[in-house]
Number of protein chains: 2
Amino acid sequence: MPTSIAVEVLSAVFQVREPDEGPATLHVLLVGADGGESWRLPGGAPGERENLAAAARRHLGSQCGLTRVAHLEQLSVLSDPDRVPVTRTIASSYLGLVPRDVPAEFTGSPEGARAAWFDVDHLPGLIYDHAEVVALGRSRLAGKLSYTNLAFALAPARFAMSELSEIYGAALGYPVDSTNLLRVLSRRGVVVATGTVGRTGRAGGRPPALYTFADDELVVTDEFATLRPPP
Amino acid sequence: MPTSIAVEVLSAVFQVREPDEGPATLHVLLVGADGGESWRLPGGAPGERENLAAAARRHLGSQCGLTRVAHLEQLSVLSDPDRVPVTRTIASSYLGLVPRDVPAEFTGSPEGARAAWFDVDHLPGLIYDHAEVVALGRSRLAGKLSYTNLAFALAPARFAMSELSEIYGAALGYPVDSTNLLRVLSRRGVVVATGTVGRTGRAGGRPPALYTFADDELVVTDEFATLRPPP
DNA sequence: TCAAAAGTGTTCGTAGTACACCCATGT
DNA sequence: ACATGGGTGTACTACGAACACTTTTGA
């Protein structure tokens with residue numbers, strides 16, 4: 001008979017957000033850890049009749065009032081025997097993405113008041129190994145942005161290419177040329193023009209054409225960067 | 001108090017092997033499932049003071065007599081409440097790779113006699129969701145072969161480029177030109193010449209130069225196929 | 001009419017592929 | 001010598017990056 005092991009899910013949920021000043025940056029959703037000044041990732045134990053992805057979504061709803069998660073995928077399993085004190089607990093971590101136009105609103109849950117978005121480059125102290133999960137989530141996100149359509153889960157329903165390039169820039173940590181981004185993503189069929197145009201900015205300028213992602217689920221668009229199969 | 005949940009590890013371990021006739025193909029390691037004609041992936045419960053990767057290695061040793069696993073990485077978590085009967089069991093699956101020059105020898109373990117390698121294109125019936133894990137392992141392997149040095153874990157210590165191209169071909173499922181493979185892998189610094197030459201084949205021919213992988217652990221060699229950071 | 005932002009076109013570098021041709025060995 | 005496989009060289013293609021130039025709006 002195997003020793004009893006507790007299982008929990010942890011979600012590293014990212015969103016591109018505008019700080020009070022300065023350019024938009026990548027943020028991660030955290031909840032206050034009991035009483036003190038440290039923070040933790042949202043998550044908890046799965047229910048009896050629930051798989052882990054459903055558990056992750058449920059905890060995001062109850063702990064943060066967040067229901068509009070556009071993408072959720074497995075990240076890793078944390079299984080070190082001493083990763084948390086007292087009870088041996090194995091954590092299954094998830095990467096979640098929220099579109100830019102989803103408002104913060106942590107209301108709707110009693111615990112919501114204790115949730116907040118943090119700039120990924122200025123994180124508070126995180127308990128246990130939760131910082132590892134955030135770091136892994138960031139690198140997974142950056143990697144997949146370049147060979148999949150994953151940005152669909154960070155972008156609003158319709159967007160100007162300059163806005164999309166801001167989103168890529170925030171998620172990757174370096175500027176992305178909106179001109180070439182359009183070319184790459186249209187060639188791959190990732191984004192399509194809607195035919196509509198947006199409002200011009202506060203300081204004048206030509207009004208932008210609006211685009212959409214062709215799919216609203218993950219599609220690998222550039223599977224074989226090299227060693228591709230013969231045509 | 002959360003419901004008791006069992007945890008197990010499952011390993012999909014691959015090796016490129018020569019069948020009795022025909023070209024080398026990718027094989028996966030299976031063990032006979034209790035009594036009947038179906039098969040399962042090696043694995044089982046983790047020990048009290050053991051993380052899951054260690055548990056996976058231990059079960060491979062005891063169930064298959066296999067100790068020389070050159071690479072082991074997490075694949076996925078299977079958490080459907082009804083994936084196995086009776087006890088709710090969450091499985092953490094691993095991808096393992098064994099170099100081509102490691103012999104079969106399932107001896108050294110009492111259960112070893114029940115282990116065998118199967119061509120991935122001619123699998124027997126697998127219990128529960130184990131076939132999913134094999135399929136996921138194959139696609140993960142194929143993907144990473146093109147942008148990492150992962151083939152180090154499938155190739156022998158020294159090899160001719162034609163042999164390496166056989167290995168790539170078996171793992172990918174389509175032929176890979178050995179000429180260009182050398183160019184791509186040397187430019188990236190993945191393989192280096194040893195300066196030695198091998199024996200010429202049975203039917204004559206120029207003796208091949210022998211190469212080695214520069215690293216014996218996973219290195220991402222082509223992280224940004226596109227959207228690369230400015231230099 | 002000028003500034004600001006969007007979009008188009010052009011050039012350039014480079015990685016990957018295909019394939020012809022040359023080299024070294026055993027029989 | 002010649003067949004057999006290994007290795008080198010070269011040309012072609014395509015994609016991505018950089019950047020100049022044109023277009024469209026608001027003030």
Side-chain angles (χ1 to χ4, degrees), chain A residues 23-24 145-148 151 158-169 172 174-211 220-231, chain B residues 23-24 145-149 158-169 172 174-211 220-231:
Chain A
L145 279 179
S146 81
Y147 67 97
T148 72
R158 292 149 168 269
F159 49 85
M161 280 314 294
S162 56
E163 185 180 3
L164 189 60
S165 112
E166 272 182 41
I167 291 173
Y168 271 85
L172 293 175
Y174 52 84
V176 174
D177 185 298
S178 68
T179 287
N180 293 328
L181 187 61
L182 170 60
R183 236 189 294 263
V184 170
L185 296 184
S186 346
R187 183 177 19 234
R188 296 182 179 171
V190 172
V191 298
V192 293
T194 61
T196 58
V197 294
R199 287 285 307 147
T200 178
R202 53 201 163 291
R206 177 172 172 171
L210 297 183
Y211 298 84
V220 175
T221 56
D222 196 24
E223 187 172 10
F224 298 99
T226 183
L227 305 178
R228 29 174 115 41
Chain B
L145 278 180
S146 82
Y147 67 95
T148 70
N149 67 342
R158 291 148 169 271
F159 49 86
M161 279 314 294
S162 56
E163 185 180 4
L164 188 61
S165 113
E166 272 183 41
I167 292 172
Y168 271 86
L172 293 174
Y174 52 84
V176 173
D177 185 298
S178 68
T179 287
N180 293 328
L181 187 61
L182 170 60
R183 234 189 296 262
V184 169
L185 297 184
S186 1
R187 180 172 27 229
R188 295 182 179 174
V190 171
V191 299
V192 293
T194 61
T196 57
V197 294
R199 288 285 309 145
T200 178
R202 53 201 163 291
R206 176 171 172 173
L210 297 184
Y211 299 85
V220 175
T221 57
D222 197 24
E223 186 170 11
F224 299 99
T226 182
L227 305 178
R228 33 176 104 57

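A, B, ... follow the sequence lines: proteins, then strands. Residue 1 opens every chain.
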[X] [atom1] to [N] [atom2]: how many Å, rounded?
| X | N | atom1 | atom2 | result |
| --- | --- | --- | --- | --- |
| A:Leu210 | C:dA5 | CG | C1' | 14 Å |
| A:Tyr174 | D:dG16 | OH | P | 13 Å |
| B:Glu163 | D:dG5 | CD | P | 15 Å |
| B:Arg183 | D:dG9 | CZ | C1' | 8 Å |
| B:Leu164 | D:dG7 | CG | C1' | 15 Å |
| A:Leu182 | C:dA5 | CG | C1' | 15 Å |
| A:Leu227 | C:dA18 | CG | C1' | 15 Å |
| A:Leu181 | D:dC15 | CG | C1' | 15 Å |

Does the side chain of [X] get closer than 4.0 angstrom to OP1 or OP2 of [N] through an N or O atom?
| X | N | result |
| --- | --- | --- |
| B:Arg228 | D:dA17 | yes |
| A:Ser162 | C:dA6 | yes |
| B:Arg188 | C:dT14 | no |

If you check the [X] side chain, which of [options] turns out closest?
| X | options | result |
| --- | --- | --- |
| A:Tyr211 | D:dT25, C:dT17, C:dG7 | C:dG7 |
| A:Pro208 | C:dG7, C:dA18, D:dT8 | C:dG7 |
| B:Arg206 | C:dT17, C:dG7, D:dG6 | D:dG6 |
| B:Thr179 | C:dT25, D:dG7, C:dG7 | D:dG7 |
| A:Arg199 | D:dG6, C:dT17, D:dG26 | D:dG26 |

Student check: side-chain heavy atoms of [X] and [Y] closer than 4.5 Å:
| X | Y | answer |
| --- | --- | --- |
| A:Arg188 | B:Thr226 | yes |
| B:Val197 | B:Leu210 | no |
| A:Leu164 | A:Leu185 | yes |
| A:Phe159 | A:Ile167 | no |

Run the side chain to side chain contact (heavy atoms under 4.5 Å, CB included) test on A:Tyr147 and A:Glu223 for me, step by step, so that the C-alpha distance in whole Å, both residues' side-chain angles and the decisive distance to 0.1 Å come before the verdict. CA-CA 7 Å; A:Tyr147 67 97; A:Glu223 187 172 10; over 6 Å; no
Only residue of A:Thr196, A:Val191, A:Val192 satisfying side-chain contact (heavy atoms from CB on, under 4.5 Å) with A:Thr194 is A:Thr196
On the side chain of A:Asn180, is there an atom forming a donor-acceptor pair with the base of D:dA18 - under 3.5 Å, no angle test? yes
Do A:Arg187 and D:dG16 share a donor-acceptor pair, side chain to base, under 3.5 Å? no
For A:Asp222 and B:Ser178, find the nucleotide of DNA chain D closest to each by heavy atoms; which residue's nucleotide sits nearer the 5' end? B:Ser178
Quick one: on DNA chain C, does B:Val184 or B:Asp177 contact a more 5' nucleotide (nearest heavy atom)? B:Val184
Base, sugar-phosphate or nothing for A:Ala160? Non-hydrogen atoms, less than 4.0 Å. nothing
